Trainee: 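The structure under discussion is supplied below as C-alpha cells; questions concerning it will follow.
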Amino acid sequence: MSNKMWGGRFATGPDAIMEEINASIGFDQRLFRQDIAGSIAHATMLGETGILTHEDRDSIVAGLNEVLAEIEGGTFTFSRALEDIHMNVESRLREKIGDAAGRLHTARSRNDQVATDFKLYVRDTIDTLVVQVHTLQLALVERAEAEAETIMPGFTHLQSAQPVTFGHHLLAYVEMLGRDAGRLLDARKRLNESPLGSAALAGTPYPIDRHMTAEKLGFDRPTANSLDAVSDRDFILETLAAAAICAMHLSRFAEEMVIWSSAQFGFVRLSDKFTTGSSIMPQKRNPDAAELVRAKIGRILGALTSLLVVMKGLPLAYSKDMQEDKEVAFDALDALSLSLAAMTGMIGDMMANRERMRASASAGFSTATDIADWLVRELNIPFRDAHHITGQVVALAEQKGCELEGLTIEDFKTIDERIDSRIHKVLTVEASVAARQSYGGTAPANVLVQAARWKTLLTGQSHEPKLLGKKKHGGHGDGGVE
Ligand code: ARG
C-alpha cells in the first residue's frame with residue numbers, strides 16, 4: 001500500500017530498505033512535545049485568520065492534546081511506515097477526529113515543521129544546559145571560598161611554577177564556564193526566529209499570520225526568508241560548537257581531577273560515589289567518571305564535524321540529508337548534560353588534601369620568582385640581574401639539598417652582599433600567594449572577592465540578571481508553549 005500522507009501518485013509502497021533508510025521516527029519521536037506545540041500554534045492561527053473554521057480548529061487542538069497525553073502516558077504506538085514524528089502525530093489525529101485532521105497541514109509543510117520543532121527542542125535544551133552550567137559554577141564557587149587559602153603548586157608545562165591558591169584554580173573554571181553559558185545564550189538569541197509558515201520553501205498563498213505563530217511559540221519574530229528558514233541548520237551547528245567548547249573545558253578539568261587524585265599527586269580524593277574499584281587490584285580507586293567526562297568531547301566534536309560535513313555543499317532549500325542532523329545532535333547534547341551533572345557531583349564530594357598540596361607547592365624552589373621580585377623592589381636591582389642572582393640562589397639550595405626557606409642569611413650573602421635578613425619573609429609559599437594581589441591574581445583576598453562576585457551573580461542577589469533558576473522562556477518539557 002502506498003503512503004497515506006503522500007502516496008497519491010504512487011502505485012506501490014516503499015521497499016523495506018527504503019523504509020529503513022528513510023524513516024526517522026526511531027529518533028525524532030523525541031520531538032513530540034515540540035511537534036504538537038507547533039501544530040497547536042499553527043491550527044490556532046489558522047482559526048484566527050479564518051482559514052479554518054473555529055469548529056475544525058477546536059477539534060484539531062483538542063485532538064492534539066489527546067495525542068500528547070497518549071505519548072506522554074506511553075500508550076502511543078509509533079509506526080515506521082509513517083516515517084517521522086510529524087506524520088505519526090497527524091495520522092493518530094485523523095483516527096481521533098476524522099477528516100478535520102487533514103486540514104491541519106494547510107499552509108505548512110514538513111520542511112518548516114521540522115525546522116520549527118528542532119529549533120524549539122534546541123532552545124529548550126540550551127535553557128536546561130545553561131542552568132546546569134550555572135549549577136556547576138556555583139558548586140565550584142562554594143569550593144573556591146572554602147579553599148581560598150589552600151596553597152597548591154601552580155603549573156606551566158605541568159612543571160611546578162609558582163604557588164597558587166586552590167580557590168583561584170577552581171575559579172579559573174568558573175570563568176570558562178561563564179563564557180560557555182554566554183555562548184549558549186548567544187546561540188539561543190540567534191536561533192529564536194520562527195520558520196513556521198515558510199511552508200515547503202517558497203511561502204504560501206494563504207493569508208496566514210506568521211507573527212502570531214511566532215509569538216505563540218515564544219519566538220522573537222518569524223524568519224524573513226522562507227528558503228533560509230527551511231534549510232538553515234546553523235542554529236544546531238552553533239549550539240554544537242558552543243557545546244564542544246564547553247566539553248573541552250570540562251575535559252581539561254577532568255584531566256586535572258585524574259592527575260590530582262593519583263597516588264603520586266594525592267591532592268584530592270574523589271568520593272566512592274564517583275570512582276570505581278578494580279576487580280584485580282584491591283588498592284585501586286579509579287576516577288572513571290572524570291575519565292568519561294574527559295572523553296565526551298570526542299562525540300560532541302564528532303557531532304559538530306558530522307553535521308558540518310552533511311550541510312556542506314547542499315543546495316537550497318530542504319534536502320533529506322538534513323534529517324541526519326538529529327541523532328548526532330541529540331547524542332552530543334545529552335553527553336554534555338551528563339558531563340555537567342557528573343562534574344557537579346564530583347566537585348561537591350571531592351576532598352582536598354591541604355597538607356599534601358602545600359608540601360608540593362613549596363617543593364621545587366617555587367618561590368624563586370619572589371626572591372627576584374624582592375631584589376628588584378628592595379634593592380632596586382634590574383629584573384634581569386635579579387633573575388640571574390636568583391638562579392645562583394637556586395643552584396646553591398640544590399647543592400645544599402635544601403629548599404629556599406632552608407638557606408641562611410650567610411648563604412645568601414655568599415651570592416650577593418646586598419641581601420639582608422628581610423629576604424626570609426618572602427620565601428614562604430604563604431607570603432608568595434598573599435603578595436599576588438594584582439587584579440585577577442591568586443591572593444586569598446582576591447579569591448574571596450571574586451567568589452563573592454560570582455555567588456551574587458549566580459544566585460541573583462544583585463541588580464545583574466539572575467542566572468540560576470531564571471524563568472525559562474518556553475522552558476524544557478512544555479514544548480516551548482507560553
Ligand atoms: N523527517 C524529516 C526530517 O527530519 C522531516 C522533513 C521531511 N520533509 C520532506 N520533504 N520529506 O528532515
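Note that the structure is predicted; figures quoted are calculated from it, not measured. One-based numbering, in listed order, for ligands and for the atoms of each.
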Trainee: So, do S231 and L314 sit near enough that their side-chain heavy atoms are less than 4.5 Å apart?
Mentor: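 A side-chain contact under 4.5 Å is absent here.
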Trainee: Under 3.5 Å, side-chain donor or acceptor atoms of residues 320-327 against the rest of the protein: list the pairs with distances, not counting sequence neighbours.
Mentor:
from: K320; atom 1: NZ; to: N22; atom 2: OD1; distance (Å): 2.8
from: Q323; atom 1: OE1; to: S24; atom 2: OG; distance (Å): 3.4
from: Q323; atom 1: NE2; to: N22; atom 2: O; distance (Å): 2.9
from: D325; atom 1: OD2; to: R233; atom 2: NE; distance (Å): 2.9

Trainee: Residues in ring pair (Phe, Tyr, Trp, His ring centres under 6.0 Å) with Y318, at least two apart?
Mentor: none
Trainee: N or O contacts of ligand 1 with protein under 3.5 Å, please list pair by pair.
Mentor:
from: ligand 1; atom 1: 1 (N); to: S24; atom 2: OG; distance (Å): 3.1
from: ligand 1; atom 1: 1 (N); to: D84; atom 2: OD2; distance (Å): 3.2
from: ligand 1; atom 1: 1 (N); to: Q323; atom 2: OE1; distance (Å): 2.8
from: ligand 1; atom 1: 4 (O); to: K326; atom 2: NZ; distance (Å): 2.5
from: ligand 1; atom 1: 8 (N); to: N111; atom 2: OD1; distance (Å): 2.9
from: ligand 1; atom 1: 10 (N); to: N111; atom 2: OD1; distance (Å): 3.0
from: ligand 1; atom 1: 12 (O); to: Y318; atom 2: OH; distance (Å): 2.4

Trainee: Can you name the side chain to side chain contact (heavy atoms under 4.5 Å, CB included) partners of L292, sequence neighbours left out?
Mentor: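 By the side chain to side chain contact (heavy atoms under 4.5 Å, CB included) rule, L292 matches no residue at all.
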Trainee: For I85, does its backbone N or O pair with a side-chain atom of D28 as donor and acceptor, under 3.5 Å?
Mentor: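 Yes; judged by distance alone, with no hydrogens or angles, the pair exists.
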Trainee: Assess R30 against Y121: is NZ or CZ under 6.0 Å from the centre of the six-membered ring, and within 45 degrees of the ring's axis?
Mentor: no
